[in-house]
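Read the structure below first, then the notes.
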Amino acid sequence: MSEAYSNTPFPLIVPTAEQAPERRRHQGIPSVEILPSGRLFATYYAGPEPREGPGNYVLLAASSDGGRSWRELLVAAPRPEERAFDPELWLDPRGRLWWSWTQSLAPQPDGFYDGRGGVWAALCEHPEAENPVWSEPRRIADGVQMCKPTVLSDGSWVFPTALWGIRPEQTPESLRPLLRSNLTLTTDGGETFRLIPGPAVPERYFDEHLLVELQDGSWVVYVRTRYGIGMSRSRDRGATWTAGEDSGLGGPDARFALRRLKSGRLLLVNHRTPQALPGERLRRERNQLCAWLSADDGRSWSGGLLIDERNGVSYPDFAEGADGFIYLIYDHERLRHGQILLARFTENDVLAGDFITPGAYSRLLISAFPGA
């Protein structure tokens, strides 16, 4: 088993003609963040081939007019034998913007994943600047990170970093016990990191997990599974985990979004199931993207705001603005249209099940293939 893996940071460059939208045939899997001023940042990954594989690169874009217009600022540009994918944006409590992505070698036959991956992050100290300056990217964990970090009640931060089980034979033997939904903890604002082995939830595949700290201080990790969303709990800060189980939140085996808002409620964005609330263990299409709220740590859910009913909508991520709006990003038809879309709504909209707040909207276009 080779120990080779992607261990040199990709350069951050201004997009070239080779990375222009008209040259892309794959685009999606976005993330969004908003600054206190209202400036928006979005990231997504793209490529010149109609598939995930060698040549995938990650883009960073910004908007200073509420999302009406966007400028692509930077590309994390891989070398020919590698790829960049699954980016994430996060504004930390110190006001710094984190831009992270996964780097992997592109082994044959599909060039998809080298069995180890690696989460890399660049940091912007002053994201309000006209031309933000980014640090040299650094590797913070093995694996893949697909959701935002969680700030815990003690002030530490947890990054959800999974070692995928899809290429176990390519994973170094020393890492195989960590093929699970892990957590990477920092107690010093990202200066140093410590791995916390996470739960091994049955039927997980790409993980795309996240951590929610409950009001009683216990942790719940929610994980993408073949049947929807699995979960596992810890009452000792990740030292032990309960057996993985079905959360009952349903979904079509796809990424979901779940975070605590400033109000204290949890916001869930997932694909609608046949019930008023998700629940049946059925494989569904990636359509009927909806939002719900919970005021009791996920025991019950209210509302049901339909964001986008079309087939091929997926991979939601959201950020909460100082203006009271929630900004939700998602993709639509990655190979056909490559649409990156934005929705804006409030908690009242979610509870009402309709866009009742002035200024709320859905399907605002950030980026797409020409002619889409």
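Bear in mind that the values here come from a model prediction, so they are computed numbers and not experimental data.
- The list of salt bridge (charged side-chain N to carboxylate O under 4.0 Å, His left out) pairs with a residue in residues 287-303, not counting sequence neighbours, reads Arg260-Asp297.
- Partners of Ala122 by side-chain contact (heavy atoms from CB on, under 4.5 Å), not counting sequence neighbours, listed by chain and number: Leu12, Trp101, Trp134, Ser135, Pro137.
- Residues passing the ring pair (Phe, Tyr, Trp, His ring centres under 6.0 Å) test with Trp241, sequence neighbours excluded: none.
- Arg138 pairs by the side-chain hydrogen bond (donor to acceptor under 3.5 Å, both in side chains) definition with nothing, not counting sequence neighbours.
- Residues meeting the side-chain hydrogen bond (donor to acceptor under 3.5 Å, both in side chains) test with Asn348, sequence neighbours left out: none.
- Every side-chain contact (heavy atoms from CB on, under 4.5 Å) that Ile166 has, sequence neighbours left out, goes to Phe112, Tyr113, Trp164, Tyr205, Phe206.
- Partners of Glu18 by side-chain hydrogen bond (donor to acceptor under 3.5 Å, both in side chains), not counting sequence neighbours, listed by chain and number: Arg23.
- Under 4.0 Å is where a charged nitrogen must lie from a carboxylate oxygen, and between Asp110 and Arg51 no such pair does.
- Remark: Lys262 does not engage Glu320 in a salt bridge, criterion side-chain N to carboxylate O under 4.0 Å.
- The two atoms that bring Ser6 and Gln103 nearest to each other are OG-NE2, 2.9 Å, heavy atoms only.
- Taking the side-chain contact (heavy atoms from CB on, under 4.5 Å) definition, one finds that Ser69 meets it with Asp65, sequence neighbours left out.
- The side-chain contact (heavy atoms from CB on, under 4.5 Å) check on Ser367 picks up Arg24, Gln27, Tyr44, Glu72, Ile340, with sequence neighbours excluded.
- When hydrophobic residues (I, L, V, M, F, W, Y) are linked wherever their side-chain heavy atoms come within less than 4.5 Å, the members clustered with Tyr330 are Leu261, Leu267, Val269, Leu289, Leu293, Leu305, Ile307, Val313, Phe318, Ile326, Leu328, Leu341, Phe345, Val350, Leu351, Phe355, Leu365.
- Every residue meeting the side-chain hydrogen bond (donor to acceptor under 3.5 Å, both in side chains) condition with Asp331, not counting sequence neighbours, appears here in chain and number order: Ser314, Arg334.
- Every residue was checked against the ring pair (Phe, Tyr, Trp, His ring centres under 6.0 Å) condition with Phe10, not counting sequence neighbours, and none meets it.
- With respect to the salt-bridge test (charged N to carboxylate O, under 4.0 angstrom), the residues Asp86 and Arg255 do not qualify.
- Ring to ring, Phe41 and Trp99 are not that close: their centroids are 6.0 angstrom or more apart.
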